[in-house]
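The structure appears right after this line, and notes come after that.
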Protein chains: 2
Amino acid sequence: MAFWQDGYEGTTMRSLQEATGVNGKGLSNVFGDKEQIFLKALEAYSEMYENVLNDSFAIPSLVAIEKFFEGLIEDQGTAEDPLSNGCLMVNTVFEIDRASGDVKKIVDQYRHMFVVHFSKSLEAANIEGVDDKAEFLVGMLWGALLQMKLCSSRAAAVPMTQQVLKTISSWG
Amino acid sequence: MAFWQDGYEGTTMRSLQEATGVNGKGLSNVFGDKEQIFLKALEAYSEMYENVLNDSFAIPSLVAIEKFFEGLIEDQGTAEDPLSNGCLMVNTVFEIDRASGDVKKIVDQYRHMFVVHFSKSLEAANIEGVDDKAEFLVGMLWGALLQMKLCSSRAAAVPMTQQVLKTISSWG
DNA sequence: CTAGTTTTACATCAAGCGATGTATAAATTA
DNA sequence: TAATTTATACATCGCTTGATGTAAAACTAG
């Protein structure tokens, strides 16, 4: 996705035309202006990760959480590799801070998606302080993503991820 | 600082003129082009935080680390409030990913600054696995910053920060 | 085959950008 | 005070952007 690679400002209508093969007039007629297209892209991204999380947390448990964080630092090498372009939602928050409420809303529900899955897994494991610990885990996720972004290296998040795994196992 | 508030792309030469009161020609003559001005701003920001950290970690200890994280979630309400505009360095990484090596270098040494201070404090407390734990703490810092940014609320980082404090005290 | 409609490719528009040139005002020095 | 240098205010340039208009091409229906 063009927005993922170049950001919102970095993506021009012309580059969108090249990337999609759809003509400029066609893009405008079907989707509307640039912001509308971007919102569609955000929604598509969110849905994609919703499917991924539904899969990872099909059986809510501590093991699911551990597997999730282990997966973070594994070299995926795919187009969806968070390292290559980062998380589109996180990128978006930083780029269009003052953006329309629509963007904020989509990002918020994206964040909430992680909180819910973490909470369910913690609950299933009969752990106390579910809400706080879920927030902690989400924070760790952001930390790992940022660490990888800052260092341009997936390995940079290994030490902190290992510490998280230790903490999680101390809960069980 | 204008770059802090509006980002690199969002800051125009004209807004810089208004903000500084310095004329456009003067800005160009003294600093050079826009990127040079931005690099100067980054360096100034880094130096500012260098002083803050030197102060906070004047006496390297676990207590210093704890105080640092407690300070994160306290309402500062100042112009340097990380919540208002976020961390300039983090913002920069997201905005100009493909930027010149100069930017990357400054951001890297900024990150390193935190690692060093955390490491020294952990060493002073005679804790094993200093390097990994320092990386963990830095990751937690990014996580807290991002959490605050995503939720537009300093309080949003409270649960995870408390968990970090628990983890730290478990080391001591 | 032809008339009507949709899709495509390209041109064009106003606006905003960074950068620079050009006169005027201020300051400094002899 | 007069001459020279420095600093300021404003205009302008070339470029890129998002958006839209226009004309040619492709497709569809009768």
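Keep in mind that what you see is a predicted model, and the values were worked out from it rather than measured.
Separation of the B/F118 and B/F68 ring centroids falls under the 6.0 Å cut-off.
Relative to the six-membered ring of A/Y8, A/K34 meets both conditions, a distance below 6.0 Å and an angle of at most 45° to the axis.
Rounding to whole angstrom units, CD of residue B/E9 and C1' of D/dT17 are separated by 12 Å. In this structure, CD of A/E35 is placed 16 Å from C1' of D/dT17, rounded to the nearest angstrom. Computed from coordinates, the A/N29 CG to D/dT22 C1' distance equals 14 Å when rounded to whole Å. Between B/K25 atom NZ and C/dA23 atom C1' there is a gap of 11 Å when expressed in whole angstrom units. Between the CZ atom of B/R14 and the P atom of D/dT8 there is a distance of 18 Å, rounded to whole Å. Straight-line distance from the CE atom of A/M13 to the C1' atom of C/dA11: 16 Å, rounded to whole Å. To the nearest angstrom, P of C/dT20 lies 14 Å from CG of B/N23. With rounding to whole Å, A/K34 atom NZ is found 16 Å from D/dT20 atom C1'.
When hydrophobic clusters are built by joining Ile, Leu, Val, Met, Phe, Trp and Tyr residues whose side-chain heavy atoms come closer than 4.5 Å, directly or via intermediates, A/M160 is grouped together with B/L165.
Counting any heavy atom pair closer than 4.0 Å across all strands shown, A/T11 reaches sugar-phosphate atoms only and no base atom.
Within 3.5 Å, no donor on the side chain of B/D33 pairs with an acceptor on the base of C/dA19, nor the reverse.
Between the side chain of A/T92 and the backbone N or O of A/L88, at least one donor-acceptor pair lies under 3.5 Å.
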